[in-house]
Amino acid sequence: MSEIRAVIVDDEGLARDTLQLLLDNHEDIKVVAVCENGQEAVEAIANTKPDLVFLDIQMPVMNGFEVVETIGPANMPVVVFVTAYDQYALRAFEAQALDYLLKPFDDERFEQALERVRVMIKQQQVGELGARLAALVAGNETPASPSVEADTSYLQRIMIKNRQSMYFLRVEDVDWIEAAGDYVSIHIDGKSHLLRETMSGMLEKLDPAQFVRIHRSSIVRIDSISELKPYFHGDYIILLKNGKELKLSRRYWESVEKVLKS
């Protein structure tokens, strides 16, 4: 295999030095740039055209996902994400068959990632990985393999952004969704997560066989419903399995009834 040109991107000096030292042990790897932030990474990737980039996610100003969006997923080299995300959030990377190094990582885990990179480059899978990167950044459903046609109509993961980081929620774990001004509040296991989206926009992205609108300000995952109780003036109270009570407006009764009977 020919020489693999690599770029290191991390805002932590120790992390950059660690990756540099580990890569120095491999004669087939040449580090062509070391970057401290996302802006430097965009310039380095555009200028050096590397085969591989070790990309930190949680960086100030421009994080790792924004680097991918700026360069364009189809133009990215093979990416190994370097992250402090927990195991829950990492399911998104695993679903896309994209590799990652979870901080702090050991030498063995690094070698596994590097060997996988070599296989990807040798088999010229960069274009296919670009599609997976695009789906990951967009928070859409996992792209299918070439022989399988996937239904990408509905969300499988929801990407939440805040000032410090990005993380992912599995749609199948959502209990209910509530309107919150210019945002929606996504409720999972008693915790809420804000996403800049409208209720109508959210409903369009969710599988109607799994989610139903019960009020102008509420969407519920059907499997989270435990019981319906009559209320006043033709309204109902929906009791969720977690004990939460939500009002079902009679305006939405027909759509709820249709879904529950299907």
Side-chain angles (χ1 to χ4, degrees), residues 1-85 90 92-94 96-140 143 159 161 164-166:
M1 181 183 295
S2 59
E3 183 180 72
I4 296 174
R5 295 161 53 81
V7 168
I8 296 170
V9 185
D10 203 301
D11 65 332
E12 298 177 2
L14 179 59
R16 294 194 301 272
D17 292 344
T18 299
L19 286 168
Q20 178 78 67
L21 287 171
L22 289 169
L23 290 171
D24 285 345
N25 294 325
H26 297 271
E27 294 182 355
D28 62 330
I29 309 292
K30 179 181 180 181
V31 177
V32 295
V34 179
C35 307
E36 298 182 7
N37 56 61
Q39 186 59 51
E40 288 184 9
V42 169
E43 295 174 2
I45 293 170
N47 292 332
T48 65
K49 307 295 183 185
D51 307 295
L52 165 66
V53 57
F54 289 90
L55 183 59
D56 187 17
I57 294 175
Q58 295 165 300
M59 297 183 292
V61 183
M62 179 182 288
N63 61 47
F65 292 121
E66 290 168 330
V67 169
V68 174
E69 289 178 312
T70 302
I71 293 291
N75 300 319
M76 288 293 292
V78 173
V79 178
V80 175
F81 289 100
V82 184
T83 175
Y85 281 5
L90 289 174
F93 296 96
E94 293 165 351
Q96 298 298 345
L98 297 167
D99 214 345
Y100 61 88
L101 293 171
L102 179 62
K103 297 178 180 179
F105 54 87
D106 57 25
D107 291 8
E108 182 179 0
R109 179 66 186 89
F110 175 82
E111 293 299 329
Q112 290 174 354
L114 196 56
E115 186 56 36
R116 191 175 183 194
V117 165
R118 291 189 178 101
V119 172
M120 290 177 182
I121 294 175
K122 184 177 181 180
Q123 295 180 354
Q124 298 182 332
Q125 297 180 5
V126 178
E128 181 182 343
L129 290 173
R132 295 175 187 169
L133 274 174
L136 176 66
V137 172
N140 290 327
M159 184 169 66
K161 300 180 182 180
Q164 288 75 39
S165 64
M166 295 184 184

Smallest heavy-atom separation, Ile71 atom then Val42 atom, equals CD1-O, 3.6 Å

| message | Less than 4.5 Å apart, side chain to side chain, heavy atoms only: is that true for Pro77 and Leu52? | response | no

Between the CG atom in Leu114 and the CG atom in Asp107, the distance rounded to the nearest 0.5 Å is 11.5 Å

The reported gap from OG1 in Thr48 to CZ in Arg5 (rounded to nearest 0.5 angstrom) is 5.5 Å

Separation between CG (Asn25) and CD (Gln20), nearest 0.5 Å, reads 10.5 Å

Interatomic distance, CG@Leu23 vs CD1@Ile8, rounded to 0.5 Å, equals 5.0 Å

*Could you tell me whether Lys30 and Asp51 make a salt bridge, using a distance below 4.0 angstrom between a side-chain N and a carboxylate O?*
no

Any heavy-atom pair between the side chains of Phe105 and Leu19 that's under 4.5 Å?
yes

Worksheet item: Less than 4.0 Å between a side-chain N and a carboxylate O, is that true for Asp56 and Lys103?
Response: yes

For Pro50 and Ala44 the tightest heavy-atom approach is CD-O, 4.5 Å

Taking the side chain as C-beta and beyond, is there a heavy-atom pair between Phe110 and Thr18 under 4.5 Å? no

Heavy-atom nearest pair, Glu66 first then Met62, reads OE1-CA, 3.2 Å

- prompt: Does the side chain of Val9 reach to within under 4.5 Å of the side chain of Val67, using non-hydrogen atoms?
  reply: no

Rounded to the nearest 0.5 Å, the CD1 atom of Ile29 sits from the CD1 atom of Ile4 at a distance of 4.0 Å

Between the CZ atom in Phe54 and the CG atom in Asp99, the distance rounded to the nearest 0.5 Å is 9.0 Å

Notebook entry, point to check: Any side-chain heavy atom of His26 sitting closer than 4.5 Å to one from Glu111?
Noted result: yes

- Message: Could you go through Asp11 and Asn37, starting from their C-alpha distance and side-chain angles, then the distance that decides it, and tell me whether this counts as side-chain contact (heavy atoms from CB on, under 4.5 Å)?
- Response: CA-CA 6 Å; Asp11 65 332; Asn37 56 61; 5.8 Å; no

